[in-house]
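Comments concern the structure below.
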Amino acid sequence: MRKLLENAAQRAISYLEGLDSRSVAPSPEAIAKLTVLDQPLPEESREPELVLNLLDEICSSASMAMAGPRFFGFVIGGSLPVTLAANWLAGAWDQNTAYYNVTPATAYLEQIALRWILDLFHLPRECEGAFVTGATMANFSSLAAARHAMLKRSGWNVEADGLFGAPPITVIVGAEAHPSLIKALGLLGFGRNRTIKVPADSQGRLRADALPSLSGPTIVCTQAGNVNTGSFDPISEICEMAHRDGAWVHVDGAFGLWGLAVPSMAHITNGIDQADSWATDFHKWLNVPYDSGLAIVRDADALCGAMAVTADYLPTASPFRNPSDFTPELSRRARGVEVWAALQSLGRNGVAELVERTCRYARRFAEGFQSAGYEVLNDVVLNQVLVAFGDAETTNRVISGIQTDGTCWCGGTVWQGRTAMRISVSSWATTEEDVEQSLEAMLQIANKRNP
Ligand SMILES: Cc1ncc(COP(=O)(O)O)c(C=O)c1O
């Protein structure tokens, strides 16, 4: 066992050390070699060393260098070395972190990590949380708590009796809500299309002046950090209006919620603490390994009411918090370990510095494009940049050229009718030199298309 695990660690270290000098996207040859894996199910056992060798030989070079410093697609953090190390150790522990009595260390770490996050984000201490796979499930868990609370007020037990015949709940979303939030609404039986869609402005912010008047059980879904522009809905204003009418306000803050940890961002995060629930990711800006996110709910009983299960064989009686009282999953890995390690290592100032640094790099990208004569489509208020290199065809060709070149990797989008390239600076590993090197490569490719 020792030899195998040391071999795996050596291979992982070599992989990470090689990220800076390899093409960010895997080569077509490396991808083509994946077919070597397309074999019939082996009949006989095989040496674990051979299995590991095959995995590394074929898959390492066919992987996208998302863990490296110049991957700017989607919203993807790398893994801080301390979080990867903690992940390895927690993997060895293999704790099914559902109940404190059975897995005290990892259940306790989650409790501490949650307390630290509430402190970091200046959210009320009485909030509860669910450590889940990501913002999609964090939205789901928060909205399950909202559904529980809204229907309980109307005398309806949704977990026991379902939604058939229940009092209707009005769900309000912004026109630029993330599709995963809409998916979560569908999973909860609210219907993906049964929402009231409020128009958004040019930055994707839900227009508070267009909110309909609210009556009856209502959930208003807001967003901190639009996936394309990074913009924040006017959450303070929305909370004030919605709470007057007894509505529940949810914030999808997959990455934007991390602005709460940065004092200089108070102007955009102001009032977010007034909401009833919040969803965020750890695998984005906190830079922990996939997958990891958090639902935070002010009304702890609502989250517990939506999620807790009991059975005679389950050791639910505990002097401390049982993680599974708050999560959709029963069996689950110990996600809090890496979160704890990241916060223990970075500290309050380190988190703020990481967020500020990556936002500064985003502004530098925007500046570089603008000085070269290209149009930046968004106000760069966070870590997201949208740039157009001309018409849709030209922009798509530049994106494709950048992906093939391999210096860095960015994806495309269509933002309010305009085709654009998206840049998201979310990795701890990105340095100023990475930004300059990437900018130079991008502009060279773009200038060739725009002689
Ligand atoms: C605003 C927002 N919400 C939700 C999500 C979904 O997050 P995940 O893929 O971690 O579930 C994203 C992903 O980028 C996002 O930007």
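As the structure lists them, so they are numbered: ligands from 1, and atoms in each ligand from 1. In this chain, numbering begins with 1 at the start of the sequence shown.
Sorted by chain and number, the residues within 4.0 Å of ligand 1 by heavy atom are G134, A135, T136, H178, S180, Q223, G225, V227, D252, A254, F255, D281, H283, K284.
When the side chain to side chain donor-acceptor pair (under 3.5 Å) test is applied to T395, no partner is found at least two apart in sequence or on another chain. Applying the side-chain contact (heavy atoms from CB on, under 4.5 Å) criterion to E240, with sequence neighbours excluded, gives R244.
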Taking distance alone, no hydrogens or angles, what donor-acceptor pairs closer than 3.5 Å link side-chain atoms of residues 435-443 to residues at least two apart or in another chain?
from : atom 1 : to   : atom 2 : distance (Å)
E436 : OE1    : R364 : NH2    : 3.0
E436 : OE2    : R364 : NE     : 2.7
S438 : OG     : D434 : O      : 2.7

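Between the OG atom of S426 and the CH2 atom of W258 there is a distance of 12.5 Å, given to the nearest 0.5 Å. Considering CZ of R11 and CG of D56, their distance stands at 4.5 Å, rounded to 0.5 Å.
A ring-centre distance under 6.0 Å is not found for Y374 and F369.
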